[in-house]
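Below: one structure, written as structure tokens.
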Amino acid sequence: LLQALDMAFAQTLPSAMRWATQEHTKLAQQLRQQENSNWWLVSEAILWAIGTLSSSIISEHESSTSGGQLDLGVLFESNVWPLAQCATFPYGQGRAFIFASSIAQALPANIAAAFAEASSQAVADIQLHSAVRLSAVRAAGNFCRLLPPELVKSHQGTFISGLASVIPQLSEDSAHVALDAMHAALRVDHDITASLEPVISQVAIGIWQRYPSDVLLTSIVIDIVEDMARNSQASDAFAQRALPIIGATLSQSSDGMVISSGIDLLSGLVKGGPSPMPNGYTDAIFPLLMRILSTSTDGEVLQSGQACLKYFVQKDAQRVAEWRDDKGVSGLDHIIRFVAVMLSPDSSESSALFVGDLVAKIVQKCSSFIAGDVLAELIRVVTARLATAHTSSFCSSLLPLYAQLVVRHPSEVVDLLDGMHFGDRTGLYIVLTTWFKNYLDIQGYYSRKVSAIALTRIFALGDPRISAIIAQGDIIPNSENKGKIVTRSMSRSHPDQYTQIPAMAKIVKLLLAELELDVEGTFARQSAAGSGAAVDDVDQDGDEEDDWEDDAEFDALDEMASAGKYAYLSDLMDDEGDFDDHDDDEDIIEDPIYSQDLNEHLSAFFNQA
């Protein structure tokens, strides 16, 4: 409710909150004077309510024009300090820690530093009530994330050591809070983190061994593994401790979820580690990984394996190509065989969702190790699978491969695809019609940009083979369904019909829609809705949808809708601007397309064309 009020009444809510805070502070003080033991509940409620709006409070204090600011000095004097110093009420004391950390950026440096120090001591104090200690754990993570490193660097070692002592004592439900705080703490100073590598390794790998099937815990452990692998002073020692444990788990477990989790940890080590990779990866763990992937039918294991192999190729393609098994088969040949199995008609599309990324990385990194006809055959295999694909998610996972090829070699790719035949259709027809149909389903900042730029390259060719392709245009209104709520059975009985337009016109329509969607602005905004909200407002053909399901009354992101109409909470939370799974891929970041302004490129394209 408070967050909805903040969205709807951003200008007036601060004054209302300030008034409410003053009134409830008076009540808390009256109860304290009356020696009523419930006084702490009122102060705790004040801090909880204000903490819920911490991002708005920080924004207000960064703005000198706001007249409705809360007086943090008075708030701390009347509510925070009394709770922080009152061990009789551990939940109130814990709330004081969490509140101070949630608005750390708005606090004076001396107050923030004092609370950071108190939190570091509380984390390691086994005499404290568990509620206070766990609250201090959460506060420690917030301070490490939100405060400048120089304010918390002196407490980093105490934070990590205290967290290392408390994590083994926590239940599965609570451990993720402390593990997340440790992840934040190890990012403060790399030198201090390296000096504590044995402690961090023992805790991170140890908690994963205890709960390998816990998705949330594993995701945090993977983040820690990546960061430790990136730390040049700690990476070797960390890998030497982690690799044997991961390898043993992969060898001994028969649980698909555990195996998938272990492969994800291995991906974190390879992704964060140096390039080229140390010897132990290809010699010891790569053969085990390929053995698992060649026999597994578990979808999660296969997906994790595809992502892991992509990082192997990215980090050390030459060593993978040079490695041989006892029959003389190279590592690259093993990977290509695995790709062929994943793209066979018998394999499920959901199990092969990351094959497109893997193939793109092979083409990008291994062109000097693979003969041209082998690469051409690899593209043919992908195209053959694209011809029989059913789901948009699978199609859109394969399409960025073609986009990346087209932006670099447009005419050569068109020739290659036109020379492929699948029944009465050419590869060029299959790729372009599938691309047009699933264009707006392509996910990720880079993938969207490269896809749009690739279409401008295709248009610029003016190739008559492309012009001859007829694509799906605008929807033709169905009089049978007019004014009715269309059910699935009605859709099957009276399917939508579309106009048929030339491929060149379709490209123009898609790029106009892309320009209107403003991908640059959407991804720059770090909004809670992400890019999905913008994309969903336009259908596959660039036209606004007029479907009853998209009525504003049912909008899952309508802040003032009833609670039952909300989307998942995660859809409304800020994702820290991470809208692209590839946003930390060195190859992609170094690609000039990544930093190119798409709006400028499209505007120039339309002016020229």
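- A distance of 8.0 Å separates CG in Leu293 from SG in Cys308, rounded to the nearest 0.5 Å.
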What verdict does the side-chain contact (heavy atoms from CB on, under 4.5 Å) test give for Leu461 and Arg457, after you've listed the backbone C-alpha separation in whole Å, the side-chain angles of each residue and the deciding distance to 0.1 Å? CA-CA 7 Å; Leu461 289 175; Arg457 300 275 202 277; over 6 Å; no
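- In this structure the side chain of Gln314 never reaches within 4.5 angstrom of the side chain of Val270, judged on heavy atoms.
- We find that Asp585 and Lys361 are joined by a salt bridge, their nearest charged nitrogen and carboxylate oxygen being less than 4.0 Å apart.
- One finds no salt bridge joining Arg380 and Asp373 here, because no Lys/Arg side-chain nitrogen approaches an Asp/Glu carboxylate oxygen to under 4.0 Å.
- Between Asp180 and Arg145 a salt bridge is recorded (basic side-chain N to carboxylate O distance below 4.0 Å).
- By the 4.5 Å heavy-atom criterion applied to side chains, Lys509 and Phe436 are not counted as neighbours.
- Thr433 and Ile470 get closest at one heavy-atom pair: CG2-O, 4.3 Å.
- For the pair Thr383 (side chain) and Ile379 (backbone), a donor-acceptor distance under 3.5 Å is present.
- Atom CD1 of Ile224 sits about 4.0 Å away from atom CG of Leu179, to the nearest 0.5 Å.
- When ring centroids are compared, Phe422 and Tyr429 stay outside the 6.0 Å threshold.
- Taking CG from Leu353 and CD from Gln303, the interatomic distance works out to 5.0 Å, rounded to the nearest 0.5 Å.
- In terms of heavy-atom proximity, Trp435 sits nearest to Ile442 at NE1-CD1, 4.2 Å.
- Between Glu349 and Arg385 there is a salt bridge, with a side-chain nitrogen of the basic residue lying less than 4.0 Å from a carboxylate oxygen of the acidic one.
- With rounding to the nearest 0.5 angstrom, the CG atom of Asn599 is 10.0 Å from the CG atom of Leu517.
- Relative orientation of the Phe286 and Trp323 rings is perpendicular, given thresholds of 30° and 60° on the angle between their planes.
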